[in-house]
Q: 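Dropping a structure here in structure tokens format, bear with me for questions.
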Amino acid sequence: MTYSCKVPSEEMLGPSIEEWICECRTDNNGRLGDIFVLANWLSTPVGQDSLIYPCEISLNLKPDFVVSDGHNVIGIEVTKFLAEQRARAAKIANVKRVFHCPTEFDFDSPARRNDDIRDMVGRAPPGLTGWRSIPEQLDLYKEKFENILTEKTRKAIAEATHSCSSFWLVIEDQHFLSPSELRLLNERLKGHLEHYWCSEPSFDRIYFSSIRHKEATLEFNKPL
């Protein structure tokens, strides 16, 4: 099975990851989702600049990846920022080829079966009740971010299966926030992160990785 990827230089980062993905399609298909999140982050300017080259990226259990550059051993945990129900609604709407209101299927939506979602997509929400203001939406996303941070700190650091000199968290935004929304979210998160970094264990770096606006990816660094 293919457990690691050697990256000789920053110029070879993209090709090395692509080759690794091709190998894992055959040998390690179960971890492709994690590798794609990592690859998307490494395709952003901040992701490319975060590693020291040459390095080796290896699959791990807790955290998801271990990166070694000969001097440092970095543990990287990855996850998707995606409401599970929104993912199901988008898939059903795509099959039916109809419109759907994403905010009806967000992190705080009531539990719904696929049949319920199928009846809702393609139907305009009554009045404006299906839509949220940007501040309301960002408050919800801030709460979800905080929950992810708590969960992943426990899983990747407190329960780590590999000794690392530092730990990073990569959260991939699959709700496609705009650059202005990312800036607003950045401001909302600062206070919580200041409090978070006062306790241990904690991540040394946190990235909120944007697929659509790669240059707007957020980076948070633990104060020295």
Side-chain angles (χ1 to χ4, degrees), residues 3-5 7 13 31 33-84 107-108 138-175 177 181-211 214 216-224:
Y3 289 104
S4 63
C5 170
V7 184
L13 175 61
R31 296 298 303 274
D34 290 341
I35 295 174
F36 278 127
V37 172
L38 183 74
N40 287 336
W41 169 65
L42 288 174
S43 71
T44 68
V46 68
Q48 293 169 5
D49 292 341
S50 295
L51 301 185
I52 296 176
Y53 306 90
C55 63
E56 183 172 7
I57 306 171
S58 303
L59 288 169
N60 190 58
L61 183 59
K62 299 178 181 182
D64 295 314
F65 298 93
V66 171
V67 180
S68 176
D69 58 29
H71 301 283
N72 306 295
V73 179
I74 303 163
I76 301 181
E77 179 74 5
V78 301
T79 191
K80 294 179 181 179
F81 191 81
L82 175 64
E84 182 274 336
F107 292 112
D108 60 345
L138 291 176
D139 284 342
L140 175 64
Y141 289 174
K142 174 180 177 289
E143 180 181 354
K144 181 60 179 178
F145 181 100
E146 293 170 0
N147 292 339
I148 289 174
L149 193 53
T150 298
E151 174 192 347
K152 294 302 181 180
T153 299
R154 175 186 54 79
K155 182 253 185 181
I157 307 178
E159 301 176 2
T161 59
H162 198 289
S163 179
C164 300
S165 53
S166 63
F167 290 89
W168 300 356
L169 174 63
V170 175
I171 305 172
E172 180 177 88
D173 170 33
Q174 294 206 350
H175 282 214
L177 275 67
E181 289 172 328
L182 288 166
R183 286 193 294 271
L184 291 171
L185 181 62
N186 178 57
E187 292 302 314
R188 275 173 163 76
L189 294 174
K190 286 181 178 178
H192 178 76
L193 287 171
E194 287 177 4
H195 177 74
Y196 167 77
W197 276 315
C198 287
S199 61
E200 293 293 343
S202 58
F203 286 101
D204 299 280
R205 296 188 190 180
I206 302 167
Y207 300 89
F208 193 78
S209 180
S210 175
I211 302 175
K214 295 184 177 183
T217 287
L218 304 180
E219 177 182 4
F220 306 96
N221 293 304
K222 185 176 182 177
L224 298 176

Q: Residues two or more places apart in sequence or in another chain: which of them pass side chain to side chain donor-acceptor pair (under 3.5 Å) with D173?
A: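 Side chain to side chain donor-acceptor pair (under 3.5 Å) check on D173 returns nothing, list empty.
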Q: Mind checking whether V67 and E56 have side chains closer than 4.5 Å, heavy atoms only?
A: no
Q: With under 30° as parallel and over 60° as perpendicular, where do the rings of F145 and F220 fit, or are they tilted in between?
A: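 Answer is perpendicular, since the angle exceeds 60°.
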Q: Within the side chain of W197, is there an N or O that forms a donor-acceptor pair under 3.5 Å with the backbone of D204?
A: no
Q: With heavy-atom distances below 4.5 Å as the criterion, would you say the side chains of E143 and F107 are in contact?
A: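 Not touching, per the 4.5 Å side-chain cut-off.
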Q: Quick check: are there more than 12 heavy atoms from other residues, nucleotides or ligands sitting under 6.0 Å from NZ of K80?
A: no
Q: Taking only residues two or more places apart in sequence or in another chain, which ones pass side chain to side chain donor-acceptor pair (under 3.5 Å) with S50?
A: Y207
Q: Taking the side chain as C-beta and beyond, is there a heavy-atom pair between F203 and T153 under 4.5 Å?
A: yes
Q: With D49, which residues qualify under salt bridge (charged side-chain N to carboxylate O under 4.0 Å, His left out), at least two apart?
A: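 Listed in chain order: nothing, the list is empty.
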Q: Given side-chain contact (heavy atoms from CB on, under 4.5 Å), test L177 with L184 step by step and report yes or no.
A: CA-CA 10 Å; L177 275 67; L184 291 171; over 6 Å; no
Q: Taking the side chain as every heavy atom from C-beta outward, state whether N186 and F208 have any atom pair closer than 4.5 Å.
A: no
Q: Please list, chain by chain and in numerical order, all residues satisfying salt bridge (charged side-chain N to carboxylate O under 4.0 Å, His left out) with D34, sequence neighbours excluded.
A: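 Once residues adjacent in sequence are excluded, the partners of D34 under the salt bridge (charged side-chain N to carboxylate O under 4.0 Å, His left out) criterion are R31.
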Q: Pair up each side-chain donor or acceptor in residues 187-194 with any protein partner under 3.5 Å, not counting sequence neighbours, and list the distances.
A:
{"from": "E187", "atom 1": "OE2", "to": "K190", "atom 2": "NZ", "distance (Å)": "3.1"}
{"from": "R188", "atom 1": "NE", "to": "D139", "atom 2": "OD1", "distance (Å)": "3.1"}

Q: Treating S68 as the side-chain partner and V73 as the backbone partner, does any N or O pair qualify as donor plus acceptor under 3.5 Å?
A: no
Q: Can I get a per-line list of side-chain donor-acceptor pairs under 3.5 Å for residues 58-65, giving both atom names and the distance, sequence neighbours left out?
A:
{"from": "N60", "atom 1": "ND2", "to": "K62", "atom 2": "O", "distance (Å)": "3.1"}
{"from": "N60", "atom 1": "ND2", "to": "P63", "atom 2": "O", "distance (Å)": "2.8"}
{"from": "N60", "atom 1": "ND2", "to": "T161", "atom 2": "OG1", "distance (Å)": "3.4"}
{"from": "K62", "atom 1": "NZ", "to": "E159", "atom 2": "OE1", "distance (Å)": "2.8"}
{"from": "D64", "atom 1": "OD1", "to": "K155", "atom 2": "NZ", "distance (Å)": "3.0"}
{"from": "D64", "atom 1": "OD2", "to": "V78", "atom 2": "N", "distance (Å)": "2.9"}

Q: L82 and H175: side-chain contact (heavy atoms from CB on, under 4.5 Å), yes or no, with the steps?
A: CA-CA 6 Å; L82 175 64; H175 282 214; 3.9 Å; yes
